[in-house]
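Heavy atoms only: backbone and side chains are in, while hydrogens, waters and symmetry mates are out. The model shown is predicted, which means the values in this text are computed figures rather than measured ones. Atoms within each ligand, like the ligands themselves, are counted from 1 in listed order.
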Amino acid sequence: MPKPRIAVIIGSTRKARFADKPAQWLMGKIKDHAELDFELVDLRDFDLPFFDEAASNLWVPSSDPRAVAWQDKLAQFDGYLFIVAEYNRSITGALKNALDQAYKEWNRKPMAALAYGSLGGARALEHLRNSAVELQMVPLRNAVHIGGGDFFKVWTGGQDAPISEIEDHLQGSLDAMLEELVWWTRATKAAREG
Ligand SMILES: Cc1cc2nc3c(=O)[nH]c(=O)nc-3n(C[C@H](O)[C@H](O)[C@H](O)COP(=O)(O)O)c2cc1C
């Protein structure tokens, strides 16, 4: 049986983003996962306009083909793992817009996260979890946070050390998050298909 599919969504789109570094590290760690298949999904590739639809696609099909392409992509997955940057104590505007550009596709699927920032992106992730509830996702308790001295060590604006140098600090939370993600992916997939 094919493994359930999880989209790893990069939530920052700016040219100088740090996001690629944790995203690539994470993809290396999860590429041969026994239970789940992961695919990197980059918001940059979707060129989403600011939301300008008559309503959420729960009520009215979206008219902009870029929004529809985004929804079609999201529909391919059984869960989501967000790479979360913290901008002014929240998620990026680009990620919030991307959340708003779909509704049905997010529903009844788990959402995990790797967040980063001075406080590990914790405040941004709490905002993301809150939006995820409205979108009827299941936000996981466990997440990977790169914060404090670790963040400034690996951040491209700081010492720019490889993430492998702080990996020991991340492995426990990564394992816990993946274990939880497997459980909720299986549970929600079985229920959606039942
Ligand atoms: C507009 C803006 C707001 C930011 N606000 C915060 C913040 O509230 N908390 C924080 O820890 N870092 C903040 N930062 C620093 C980011 O953590 C850092 O720039 C990080 O690299 C952003 O992710 P990205 O490079 O993947 O876009 C902010 C950066 C920008 C550009």
Side-chain angles (χ1 to χ4, degrees), residues 6-31 38-52 66-67 69-70 73-74 77 79-102 106 110-135 137 139-174 176-178 181:
I6 307 294
V8 177
I9 299 176
I10 303 186
S12 168
T13 52
R14 70 188 182 110
K15 284 192 202 78
R17 71 185 180 193
F18 165 68
D20 294 297
K21 195 167 167 180
Q24 290 304 330
W25 171 80
L26 180 68
M27 292 308 287
K29 299 292 287 182
I30 60 186
K31 69 176 178 337
F38 294 89
E39 179 181 325
L40 200 59
V41 174
D42 193 338
L43 288 188
R44 275 182 188 164
D45 295 335
F46 291 85
D47 188 28
L48 285 168
F50 281 131
F51 184 86
D52 190 24
R66 294 167 293 182
W70 174 238
K73 187 68 189 172
L74 295 175
F77 297 97
Y80 308 99
L81 199 174
F82 293 90
I83 306 293
V84 181
E86 184 168 297
Y87 280 17
N88 297 313
R89 301 196 176 192
S90 188
I91 58 175
T92 64
L95 178 55
K96 179 61 169 63
N97 184 53
L99 291 170
D100 296 340
Q101 294 279 11
W106 300 116
M111 61 128 296
L114 179 158
Y116 52 85
S118 54
L119 295 179
R123 297 166 297 194
L125 179 50
E126 284 307 298
H127 279 184
L128 175 59
R129 286 184 172 125
N130 211 27
S131 294
V133 170
E134 186 58 28
L135 294 165
M137 286 188 258
L140 304 190
R141 170 185 180 271
N142 292 288
V144 178
H145 293 275
I146 304 177
D150 279 352
F151 176 63
F152 291 106
K153 186 168 186 179
V154 300
W155 187 41
T156 37
Q159 293 175 44
D160 199 16
I163 296 195
S164 56
E165 288 193 18
I166 60 161
E167 197 172 291
D168 289 356
H169 306 168
L170 309 179
Q171 192 65 53
S173 54
L174 176 61
M177 181 181 74
L178 291 173
L181 182 59

Exercise. Start with the C-alpha distance between Y80 and F38, add both sets of side-chain angles, then the distance that settles ring-ring contact (aromatic ring centres under 6.0 Å, His included), and finish with yes or no.
Key: CA-CA 9 Å; Y80 308 99; F38 294 89; over 10 Å; no
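In this pair, W70 and W106 present their aromatic rings perpendicular. The plane angle is above 60°, beyond the 30 to 60° band.
At distances below 3.5 Å, not a single donor-acceptor pair connects side-chain atoms of S118 with backbone N or O atoms of G148.
K21 is linked by a side-chain hydrogen bond (donor to acceptor under 3.5 Å, both in side chains) to D160, counting only residues two or more places apart in sequence or in another chain.
Protein residues having at least one heavy atom under 4.0 Å from any atom of ligand 1 are S12, R14, R17, F18, A19, A85, E86, Y87, N88, R89, Y116, G117, S118, R123, F151, W155, listed by chain and number.
With a 4.5 Å cut-off on side-chain heavy atoms, L99 and E134 do not count as touching.
Using a cut-off of 4.0 Å between Lys/Arg side-chain N and Asp/Glu carboxylate O, R123 and E126 are scored as not salt-bridged.
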